[in-house]
There are 2 protein chains.
Amino acid sequence: MTSQDVILGLLMHHSLSGYDMKHKMETILSYFNNASFGTIYPTLSKMEKEELITKQSVIQEGRPNKNVYSITEKGREQFKTYMYSPVEDNEFKSDAMTRLFFGEFVEKDVIVGVLEEYLQRTKGHMERLSKLYVECQPEMSHSQEICIQIGINNSESQIRTLTQGIVRLKNLAEK
Amino acid sequence: MTSQDVILGLLMHHSLSGYDMKHKMETILSYFNNASFGTIYPTLSKMEKEELITKQSVIQEGRPNKNVYSITEKGREQFKTYMYSPVEDNEFKSDAMTRLFFGEFVEKDVIVGVLEEYLQRTKGHMERLSKLYVECQPEMSHSQEICIQIGINNSESQIRTLTQGIVRLKNLAEK
DNA sequence: CAGATCATGTAAGCAGTTACATGATTGT
DNA sequence: ACAATCATGTAACTGCTTACATGATCTG
């Protein structure tokens, strides 16, 4: 799964500009995906050359012009190919968990702080997802709804698990 | 957090070869971290040049020789610097979730299959973690124990959440 | 006899980030 | 006056993966 597959999926419904795509990725897709402008724009150019998408320049008043991209028939085929290909493993990388793992080499309070920050971030994350769910539910597909529900449930249990972990850590005898 | 920080952490207790490090990363660290030989060996050479670690060649009988690395005082300082630096955000990338998100464009059964595979992988993952917890508990530090407990709890709730999600998806009226 | 485990290393390539460059408009 | 939003793009860099190269010993 590359950024290209995600861009194709995003274009299956509506035509979008690179800027719009970034916005979508930062909101609804952010919990299992991400891409910067430095990835999006070059990928878009490449995809246009490969005729997976077409560009239309839209002149706007009071705002910069934008390039709106639409998916071609070839692009739709490519997207289907992706959707039927073998599923890749999840990738998870956590600095906070790494520090907890090596926690014995620093003061306990440092690690408690790391986990508390992680907990706060997860809470913020969950709030954003819940808000999004309420706001966007009418225009979401069923599978998108389930996708966000899974995200919310996972965040909730993450919060519980982390809270427990922090309590356990605090209860340890001072090193 | 780079592979270098993880390698330093791994060397805080014992001296290890590159091969040993890979093994550790594949077992206990695998749930929030990973590195291939193609990363480990060049990083080790670089770190030796920077005097963060030292190399001793160990001649073995019936086995290839190995290079065992030990952390230096400078390496320990570097590791402390990492442990007190700002915590980076988690990175999570999920092909399965991406496909669920775009599920409306293929038959429901395809997505059910994707989620069922994801569920099976999570189950396998949890079993490996539980087994590891039982096997390694005596030699684990308290924070390592908490780290694995968090991992097991998260996997458990992932399994519940995914199972629910699959039921929800199956119950949807045929598209 | 095949496949796993032990063991190290290099080279090519890729996907992605960060920082830079530019600039108008709108809201506080 | 300042920050945010809208909008696109490039260049340098980095961290990492995959594949290749080599080869002994152990296990079924």
Side-chain angles (χ1 to χ4, degrees), chain A residues 1-8 10 15-27 29-30 32-50 53 55-69 82 86 88-95 98, chain B residues 1-8 10 15-27 29-30 32-50 53 55-69 82 86 88-95 98:
Chain A
M1 179 198 47
T2 59
S3 298
Q4 186 171 302
D5 300 313
V6 178
I7 289 173
L8 287 174
L10 249 20
S15 299
L16 293 167
S17 68
Y19 192 84
D20 295 335
M21 292 177 200
K22 179 82 205 303
H23 185 252
K24 292 239 171 194
M25 291 192 195
E26 270 175 357
T27 50
L29 281 143
S30 71
F32 50 83
N33 228 294
N34 228 328
S36 61
F37 284 126
T39 302
I40 294 171
Y41 290 122
T43 305
L44 251 17
S45 304
K46 199 191 111 211
M47 288 168 78
E48 203 200 345
K49 269 181 215 136
E50 289 170 11
I53 55 176
K55 178 166 79 177
Q56 298 126 255
S57 292
V58 176
I59 290 124
Q60 298 186 118
E61 278 172 59
R63 282 184 184 184
N65 296 344
K66 62 177 175 180
N67 300 326
V68 174
Y69 293 91
Y82 157 65
E88 283 165 48
D89 270 324
N90 288 342
E91 271 166 54
F92 181 58
K93 206 173 168 180
S94 175
D95 191 14
T98 305
Chain B
M1 180 198 48
T2 59
S3 299
Q4 186 172 304
D5 300 314
V6 178
I7 289 174
L8 288 173
L10 248 21
S15 299
L16 294 166
S17 67
Y19 192 84
D20 295 334
M21 291 177 201
K22 179 83 206 300
H23 186 252
K24 292 239 171 192
M25 291 193 197
E26 270 176 355
T27 51
L29 281 143
S30 70
F32 49 85
N33 228 294
N34 229 327
S36 61
F37 284 126
T39 302
I40 293 171
Y41 290 122
T43 305
L44 251 18
S45 303
K46 199 192 110 210
M47 288 168 79
E48 204 201 344
K49 270 181 213 137
E50 289 171 10
I53 55 176
K55 177 166 79 178
Q56 298 126 255
S57 293
V58 176
I59 290 125
Q60 298 185 119
E61 279 173 57
R63 281 185 186 184
N65 297 345
K66 63 176 173 180
N67 300 327
V68 174
Y69 293 91
Y82 158 65
E88 283 164 48
D89 270 325
N90 287 342
E91 270 167 55
F92 181 59
K93 206 171 167 181
S94 175
D95 190 16
T98 305

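The sequence lines fix the lettering, A, B, ..., with proteins before strands; numbering per chain opens at 1.
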- Nucleotide range of DNA chain D contacted by chain A, 5' to 3', under 4.0 Å to a heavy atom? dT5(D) to dC16(D)
- Item | Protein-to-nucleotide contact annotation, 5' to 3' order, nucleotides 11-19 of chain C [B base; S sugar-phosphate only; - none; under 4.0 Å, heavy atom] | -----SBB-
- Message: Go through it in stages, so that I can follow the logic: the residues are D20(A) and Y69(A), the test is side chain to side chain donor-acceptor pair (under 3.5 Å), and I'd like the CA-CA distance, side-chain angles, deciding distance and then a yes or no.
- Response: CA-CA 10 Å; D20(A) 295 335; Y69(A) 293 91; over 6 Å; no
- Query: Is there a side-chain contact between K93(A) and F32(B), using heavy atoms and a 4.5 Å cut-off?
  - Reply: no
- Task: For H23(B) and for S45(B), find the nucleotide of DNA chain C with the closest heavy atom, then tell me which residue's nucleotide is more 5'.
- Result: H23(B)
- Message: Assess the residue pair T98(B) and D5(A) against the criterion (side chain to side chain donor-acceptor pair (under 3.5 Å)); give the C-alpha distance rounded to whole Å, side-chain angles, the decisive distance to 0.1 Å, and a yes or no.
- Response: CA-CA 9 Å; T98(B) 305; D5(A) 300 313; over 6 Å; no
- Query: Hey, which of these two, L44(A) or R63(A), hits DNA chain D nearer its 5' end, going by closest nucleotide?
  - Reply: R63(A)
- Task: Report the end-to-end axis angle of the helix from dC1(C)-dG28(D) to dT28(C)-dA1(D); each axis comes from five terminal pairs, and the value is rounded to 10°.
- Result: 50°
- Message: How close do N33(A) and V6(A) get, counting heavy atoms only, and between which atoms?
- Response: ND2-CG2, 3.8 Å
- Query: In terms of side-chain heavy atoms, does S94(B) have a donor or acceptor partner in N90(A) at a distance below 3.5 Å?
  - Reply: yes
- Query: Atom CE of M21(B) to atom C1' of dC6(C): distance rounded to whole Å?
  - Reply: 16 Å
- Message: One pair to check against side chain to side chain contact (heavy atoms under 4.5 Å, CB included): E91(A) and E91(B). What are the steps and the verdict?
- Response: CA-CA 8 Å; E91(A) 271 166 54; E91(B) 270 167 55; over 6 Å; no
- For Y19(A) and N67(A), test the side chains for any donor-to-acceptor distance below 3.5 angstrom and give the result as yes or no. no
- Axial cation check for F37(A) ring with K22(A), 6.0 Å and 45° limits: yes
- Query: Can you tell me if T39(B) uses its side chain to pair, donor with acceptor, with the backbone of A35(B) under 3.5 Å?
  - Reply: no
- Item | 4.5 Å side-chain heavy-atom contact, S15(A) and V68(A) | yes
